[in-house]
Amino acid sequence: MAGTKIPESVLVVVHTPALRVLLLERADHPGFWQSVTGSKDRADEPLAETCRREVLEETGLDAAAEGCVLEDWGLRNVYEIYPHWRHRYPDGVTHNTEHVFGLLVPSERPVRIAPREHLRFEWLPWEAAAGRCFSMSNVEAIRLLPSRAGAR
């Protein structure tokens with residue numbers, strides 16, 4: 001039976017002004033660390049709304065809180081969906097489009113992880129965070145953080 005997951009997602013690099021990055025360890029793959037990610041709930045859901053919803057669901061952080069800045073980095077990654085996850089999508093869907101965003105938070109915040117999705121969280125310097133991610137698109141996004149922050 002085919003799934004209904006929409007093959008359009010967001011990657012949100014949550015970071016502080018000091019370029020400390022929030023990473024989450026996946027519950028379904030212990031040892032695999034990543035930024036906040038998630039798919040649209042509906043085809044017409046604005047990407048910024050997807051970001052705010054996923055950040056809140058996965059971390060308990062409110063991306064609309066005072067001092068927080070959500071920014072569309074204008075980057076798109078198209079990648080092949082792992083075969084063992086394709087059942088979540090409609091028949092014939094093999095690729096996902098990922099939109100990269102940054103979320104500046106004023107300082108490291110306590111995080112409330114979603115236990116079905118993640119095991120732990122850590123705030124790390126950007127270089128260490130990039131070195132820990134399993135997804136190359138996540139690594140590349142974090143490596144862009146110093147230039148993105150400098151442009152602000």
Side-chain angles (χ1 to χ4, degrees), residues 1-15 19 21-65 68-105 109 111-124 126-149 151-152:
M1 183 162 129
T4 58
K5 190 169 181 169
I6 297 168
E8 193 169 9
S9 64
V10 296
L11 167 68
V12 185
V13 177
V14 180
H15 65 92
L19 305 186
V21 174
L22 175 65
L23 287 186
L24 306 164
E25 183 180 18
R26 292 183 64 102
D28 60 355
H29 286 87
F32 283 55
W33 290 82
Q34 66 182 50
S35 293
V36 172
T37 62
S39 295
K40 286 180 156 190
D41 271 355
R42 357 173 272 284
D44 66 345
E45 181 179 40
L47 292 169
E49 184 179 321
T50 304
C51 291
R52 287 188 288 273
R53 178 179 50 75
E54 288 292 341
V55 167
L56 187 61
E57 288 174 4
E58 294 186 13
T59 69
L61 299 174
D62 180 358
C68 294
V69 179
L70 180 65
E71 181 183 19
D72 184 345
W73 288 3
L75 301 172
R76 308 289 176 264
N77 301 303
V78 177
Y79 60 86
E80 188 171 356
I81 299 164
Y82 290 120
H84 62 276
W85 285 336
R86 287 190 190 157
H87 69 278
R88 299 175 180 176
Y89 298 86
D91 285 338
V93 172
T94 59
H95 287 76
N96 183 74
T97 300
E98 174 184 76
H99 304 267
V100 181
F101 285 74
L103 175 61
L104 172 66
V105 296
R109 303 283 171 93
V111 170
R112 184 192 74 238
I113 58 171
R116 290 177 4 132
E117 292 191 54
H118 301 105
L119 300 174
R120 299 182 290 156
F121 74 91
E122 286 193 41
W123 289 96
L124 298 168
W126 72 268
E127 303 96 327
R132 187 171 293 181
C133 291
F134 78 96
S135 160
M136 205 56 207
S137 65
N138 201 164
V139 170
E140 290 169 0
I142 292 171
R143 286 182 178 159
L144 289 173
L145 185 56
S147 63
R148 299 293 313 186
R152 191 175 311 110

Just wondering, do V78 and N96 contact through their side chains at under 4.5 Å, heavy atoms?
-> no
Quick check: does any side chain N or O of N138 sit under 3.5 Å from a backbone N or O of S35, one acting as donor and the other as acceptor?
-> yes
Supply the atom-to-atom distance L75 CG to S137 OG, rounded to the nearest 0.5 angstrom.
-> 10.0 Å
When rounded to the nearest 0.5 angstrom, what is the spacing between CD in E122 and CZ in R132?
-> 4.0 Å
Between H95 and P7, the two heavy atoms sitting closest are O-CB, 3.4 Å
Between T50 and G38, which heavy-atom pair has the shortest distance, and what is it?
-> CG2-O, 4.1 Å
Can you tell if the side chain of N77 reaches within under 4.5 Å of the side chain of T97, non-hydrogen atoms only?
-> no
Parallel, tilted or perpendicular: ring planes of W85 versus Y82, cut at 30 and 60 degrees | perpendicular
Can you name the side chain to side chain donor-acceptor pair (under 3.5 Å) partners of R52, sequence neighbours left out?
-> none
Would a distance-only check, ignoring hydrogens and angles, find a side-chain to backbone donor-acceptor pair under 3.5 Å from W73 to L145?
-> no
Within a strict 4.5 Å, meaning less than it, do heavy atoms of the L103 and C51 side chains meet?
-> no
Inter-residue atom distance E127.CD - I142.CD1, 0.5 Å rounding = 11.0 Å
R148 and E71 ion-paired at < 4.0 Å | yes
Please walk me through it: do Q34 and F134 pass side-chain contact (heavy atoms from CB on, under 4.5 Å)?
-> CA-CA 7 Å; Q34 66 182 50; F134 78 96; 3.6 Å; yes
pair V36-L24: side-chain heavy atoms closer than 4.5 Å = yes
Shortest non-hydrogen pair, P115 vs I113, comes out as CD-O, 3.2 Å
Could you tell me the separation between the CZ atom of R26 and the CD atom of E117, rounded to the nearest 0.5 Å?
-> 8.0 Å
Heavy-atom distance under 4.5 Å between the side chains of W33 and R120, does that happen here?
-> yes
Does a side-chain heavy-atom distance below 4.5 Å link Y89 with T4?
-> no
Find the distance between OG (S135) and CD (E140) and round it off to the nearest 0.5 Å.
-> 8.0 Å
Should V105 and V14 count as side-chain neighbours, where that means a heavy-atom distance under 4.5 Å?
-> yes
List the steps and the verdict of side-chain contact (heavy atoms from CB on, under 4.5 Å) for V100 and L144.
-> CA-CA 11 Å; V100 181; L144 289 173; over 6 Å; no
State, to 0.1 Å, how close I6 and K40 come at their nearest heavy-atom pair, and which atoms those are.
-> CD1-O, 3.7 Å
What residues form a salt bridge (Lys or Arg N to Asp or Glu O under 4.0 Å) with R112, not counting sequence neighbours?
-> none
Could you tell me which non-hydrogen atom of F101 sits nearest to which non-hydrogen atom of V10, and how far apart they are?
-> CE1-CG1, 4.2 Å
Give a yes or no on this: more than 12 heavy atoms of other residues, nucleotides or ligands lie within 6.0 Å of atom CZ of R42.
-> yes
Could you tell me whether the side chain of I81 reaches within less than 4.5 Å of the side chain of T94, counting heavy atoms only?
-> no
Donor + acceptor pair across side chains of S9, E98 (<3.5 Å) = no
Salt-bridge contact R86-E80 (side-chain N to carboxylate O under 4.0 Å) | yes
CD/E49 to CG/D44 distance, rounded to the nearest 0.5 angstrom?
-> 8.5 Å
So, does E45 use its side chain to make a donor-acceptor pair with the main chain of D41 at under 3.5 Å?
-> yes
Considering non-hydrogen atoms only, spot the tightest contact between L22 and F121 and give its length.
-> CD1-CD1, 3.8 Å
